[in-house]
Peer 1: 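I am attaching a structure below and will ask some questions about it afterwards.
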Amino acid sequence: MRTQVGIIGAGPAGLFLALLLTREGIDCIVLEARSRDYVEGRVRAGVLEQGTVDLMHELGVADRLMRESMIDRFLDIRFEGQLIHMDLPGLAGGREVHIYGQQEVVKDLIAARLAVGPLLFEAEAVALDGVDTAKPVIHFRHKGVQHALECDVIAGCDGFHGIARPAIPADALTIHDHIFPFGWLGILSESPPLADMTYANHDRGFALASRRSPRISRLYVQCTADEDPERWPDARIWEELHIRLDADHAELAEGRIFQKGVTPVRSFVAEPMRRGRLFLAGDAAHIVPPTGAKGLNLAAADVRVLARALTAFLRRGDDSLLERYSDTCLRRVWKTIRYSTYMTTLLHRFPDHSAFERRIQLAELDYIASSRAAQTVVAENYVGLPMEAA
Ligand code: APR
Ligand code: PHB
């Protein structure tokens, strides 16, 4: 088998890349280890920056997004009985974010991809060969049979646990790994959500009230890093949410919890995002802490840069953009890690915080409450930095 770009992974990174390349007339094959049902059912965050929404429009995959997503006009932070109520478009030059579950994005992208080109499910890449040559090869297993896919370029879009990053010699990568001393317990519930996206800093720990639809809430509470969700019966989750969000039963309605899971809070960056003819994008190269919901948006930004660079290379033999791919992406990656780390540090209860550190944290919140400049910093990063600033 042969293709111009072999794409490993059908998460947001691999799927956006495939659609961008196909639009440019570049041939690609997407290999996905898991089944379609599994990939479409994976619950992740649900905040789309303006740039990600624009990308879906450009690719002609925004119809359902326009019908079903909700615009997130305000961003609220609650702490010590106070409320910071930020008007996102008002603070961030008219830009806004949409609430639309990541798995809905993935469903729309998969349908669009299958209509125009190959995407193999249950096709697991097991080894890469010749990434330092002009003809790299992906060895993969599909329906029990081994295949080899010869490519001009390989795109490693296979997430944090994939094989692309480990295929790069360890001494050629610099790894930055920062694990926060807590996790998030997330639920989906059949209950009407709070009116606005609400983050809470509370002595008992962080909480977040988001939504998926007018009838489905997405809620999180800070838990321990290695938390066993079994230790969180439904009643305990609701009790903590009410206390931490400072919301009574009229405001935060309880409903049937139909999904429960723990998300780690971690920053990870592998630099550079390239080795020879192998390019990493999305979670394969970096993880951002979930505070701010930047993971999918960062993956989309990476592959926009990669698609442009691959088009110049494969159409005209111009490798100047490919040479800059890693540096271009990493500028945005680090700014996004900076913001997600800032929001994480601002909003969580750190087990080892001294009384001094806790007072500084509360003073920072008090400052944001009183300063339009500080709110602008929060809001312009939340809606997403413009592509030009990347
Ligand atoms: N062969 C084929 N596919 C693989 C392999 C492999 N060896 N290893 C992993 N994959 C697949 C996974 O099954 C997954 O579907 O690669 C895909 C990677 O998708 P994501 O983990 O969603 O990563 P990415 O596309 O970079 O998206 C980044 O989405 O997944 C979230 O938290 C993530 O929000 C972030 C954003
Ligand atoms: C979500 O809706 O899942 C969500 C929202 C905001 C975040 C993280 C996750 O910061």
Side-chain angles (χ1 to χ4, degrees), residues 11 34 38-39 41-47 77-79 101-103 159-162 175-191 193-194 197-212 216-247 252-269 283 286-296 298 337 339-354 357-358 361 365:
R34 315 300 294 248
Y38 180 91
V39 175
R42 212 162 27 195
V43 176
R44 297 264 175 74
V47 180
I77 299 179
R78 297 183 187 188
F79 70 105
Q102 178 169 314
Q103 78 268 38
F160 188 63
H161 300 287
I175 303 287
H176 305 268
D177 196 5
H178 183 85
I179 300 178
F180 288 88
F182 39 74
W184 283 14
L185 180 83
I187 59 162
L188 283 167
S189 152
E190 281 170 0
S191 49
L194 259 59
M197 178 77 76
T198 303
Y199 292 78
N201 174 315
H202 194 277
D203 271 339
R204 295 170 74 102
F206 167 79
L208 167 60
S210 176
R211 61 200 193 280
R212 286 292 175 273
I216 306 289
S217 296
R218 177 72 170 150
L219 299 152
Y220 299 93
V221 282
Q222 177 179 347
C223 60
T224 60
D226 55 352
E227 192 69 75
D228 173 6
E230 292 301 311
R231 287 196 341 107
W232 286 81
D234 296 2
R236 178 175 177 210
I237 297 176
W238 288 117
E239 189 189 349
E240 286 298 325
L241 283 167
H242 283 293
I243 296 172
R244 297 183 192 188
L245 289 164
D246 192 15
L252 178 67
E254 298 185 11
R256 187 178 72 87
I257 296 176
F258 60 96
Q259 200 268 346
K260 208 184 269 188
V262 173
T263 306
V265 182
R266 175 180 204 164
S267 285
F268 179 96
V269 184
D283 276 20
H286 43 71
I287 301 275
V288 283
T291 330
K294 294 295 183 198
L296 165 119
L298 210 45
I337 297 237
Y339 177 66
S340 303
T341 301
Y342 169 74
M343 292 290 276
T344 302
T345 308
L346 179 70
L347 294 167
H348 289 74
R349 188 83 174 106
F350 284 71
D352 56 354
H353 259 184
S354 62
E357 287 163 313
R358 176 80 180 129
Q361 195 187 45
L365 285 162

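Since this is a predicted model, take the numbers as computed values, not measurements.
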Peer 1: With the side chain counted from C-beta on, respond yes when Tyr339 and Val288 share a heavy-atom pair under 4.5 Å apart, and no when they do not.
Peer 2: no
Peer 1: Find the distance between CZ (Arg244) and CG (Leu252) and round it off to the nearest 0.5 Å.
Peer 2: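 It comes to 13.0 Å.
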Peer 1: So Ile187 and Leu241, do their side chains get closer than 4.5 Å, heavy atoms only?
Peer 2: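 Sidechains of Ile187 and Leu241: in contact.
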Peer 1: Side chains of Ile216 and Pro193: does their closest heavy-atom pair fall under 4.5 Å?
Peer 2: no
Peer 1: With distance as the sole test, does Arg256 use its side chain to make a donor-acceptor pair with the main-chain N or O of Glu190 at under 3.5 Å?
Peer 2: no
Peer 1: Would the distance check show the side chain of His286 and the main-chain N or O of Phe268 forming a donor-acceptor pair, the cut-off being under 3.5 Å?
Peer 2: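 No; zero donor-acceptor contacts below 3.5 Å.
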Peer 1: For a 4.5 angstrom cut-off between non-hydrogen side-chain atoms, does Thr341 reach His178?
Peer 2: no
Peer 1: With no hydrogens and no angle check, is any side-chain donor or acceptor of Arg218 less than 3.5 Å from a backbone partner on Gly101?
Peer 2: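 Answer holds: no.
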Peer 1: Which residue pairs satisfy the salt bridge (charged side-chain N to carboxylate O under 4.0 Å, His left out) criterion with at least one member in residues 175-187, sequence neighbours excluded?
Peer 2: Asp177-Arg266
Peer 1: Is the shortest side-chain heavy-atom distance between Val221 and Trp232 below 4.5 Å?
Peer 2: yes
Peer 1: Could you check whether any side-chain N or O of Ser217 sits under 3.5 Å from a backbone N or O of Ser191, counting only pairs where one atom can act as donor and the other as acceptor?
Peer 2: yes
Peer 1: Rounded at 0.5 Å granularity, tell me how far CD1 in Ile243 sits from CG in Asp203.
Peer 2: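 Those atoms lie 11.5 Å apart.
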Peer 1: Answer whether the closest heavy-atom distance between the side chains of Arg236 and Arg231 falls below 4.5 Å.
Peer 2: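 Heavy-atom side-chain distance check passes, below 4.5 Å.
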Peer 1: Are side-chain heavy atoms of Leu347 and Phe79 found at a separation under 4.5 Å?
Peer 2: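 No, side chains not in contact.
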Peer 1: Would you check if the side chain of Gln361 reaches a backbone N or O of Leu346 as a donor-acceptor pair within less than 3.5 Å?
Peer 2: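 A pair under 3.5 Å: yes.
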Peer 1: Looking only at heavy atoms, which two atoms of Lys260 and Ile237 are closest? And how far apart?
Peer 2: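 What the structure gives for the nearest pair is CE-CD1, 3.7 Å.
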Peer 1: Between Leu296 and Arg44, does the side-chain contact (heavy atoms from CB on, under 4.5 Å) criterion hold? Intermediate values first, please.
Peer 2: CA-CA 9 Å; Leu296 165 119; Arg44 297 264 175 74; over 6 Å; no
Peer 1: Is there a side-chain contact (heavy atoms from CB on, under 4.5 Å) between Met197 and Leu208? Walk through the geometry before answering.
Peer 2: CA-CA 8 Å; Met197 178 77 76; Leu208 167 60; 3.9 Å; yes
Peer 1: Would you check, one step at a time, whether the test side-chain contact (heavy atoms from CB on, under 4.5 Å) holds for His176 with Ile337?
Peer 2: CA-CA 11 Å; His176 305 268; Ile337 297 237; over 6 Å; no
Peer 1: Measuring only between side-chain heavy atoms, which start at C-beta, is Pro290 closer than 4.5 Å to Tyr220?
Peer 2: no
Peer 1: Please report the shortest heavy-atom distance between Arg211 and Leu194, naming the atom on each side.
Peer 2: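 What the structure gives for the nearest pair is CD-O, 4.2 Å.
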Peer 1: Of all residues at least two apart in sequence or in a different chain, which pass the ring pair (Phe, Tyr, Trp, His ring centres under 6.0 Å) check with Phe350?
Peer 2: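 Here the qualifying residues are Phe182, His353.
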Peer 1: Tell me, with the steps shown, if Phe206 and Met343 meet side-chain contact (heavy atoms from CB on, under 4.5 Å).
Peer 2: CA-CA 11 Å; Phe206 167 79; Met343 292 290 276; over 6 Å; no
Peer 1: Using 0.5 Å steps for rounding, measure from the CH2 atom of Trp238 to the CD1 atom of Ile257.
Peer 2: 5.5 Å
Peer 1: Return the minimal non-hydrogen interatomic distance between Glu357 and Ser354, and the atom names on each side.
Peer 2: OE1-N, 2.8 Å
Peer 1: Any donor and acceptor pair, going by atom type alone, linking the side chain of Arg204 with main-chain N or O of Glu240 inside 3.5 Å?
Peer 2: no
Peer 1: Heavy atoms only: give me the nearest Pro289-Phe180 pair and the separation to one decimal.
Peer 2: CG-CE1, 3.9 Å
Peer 1: Glu254: what forms a salt bridge (Lys or Arg N to Asp or Glu O under 4.0 Å) with it, not counting sequence neighbours?
Peer 2: none
Peer 1: If I take atom NE2 from residue His348 and atom OH from residue Tyr199, how far apart are they, to the nearest 0.5 angstrom?
Peer 2: 10.0 Å
Peer 1: Write down the atom of Ala45, the atom of Arg212, and the distance for their closest heavy-atom approach.
Peer 2: C-NH2, 3.4 Å
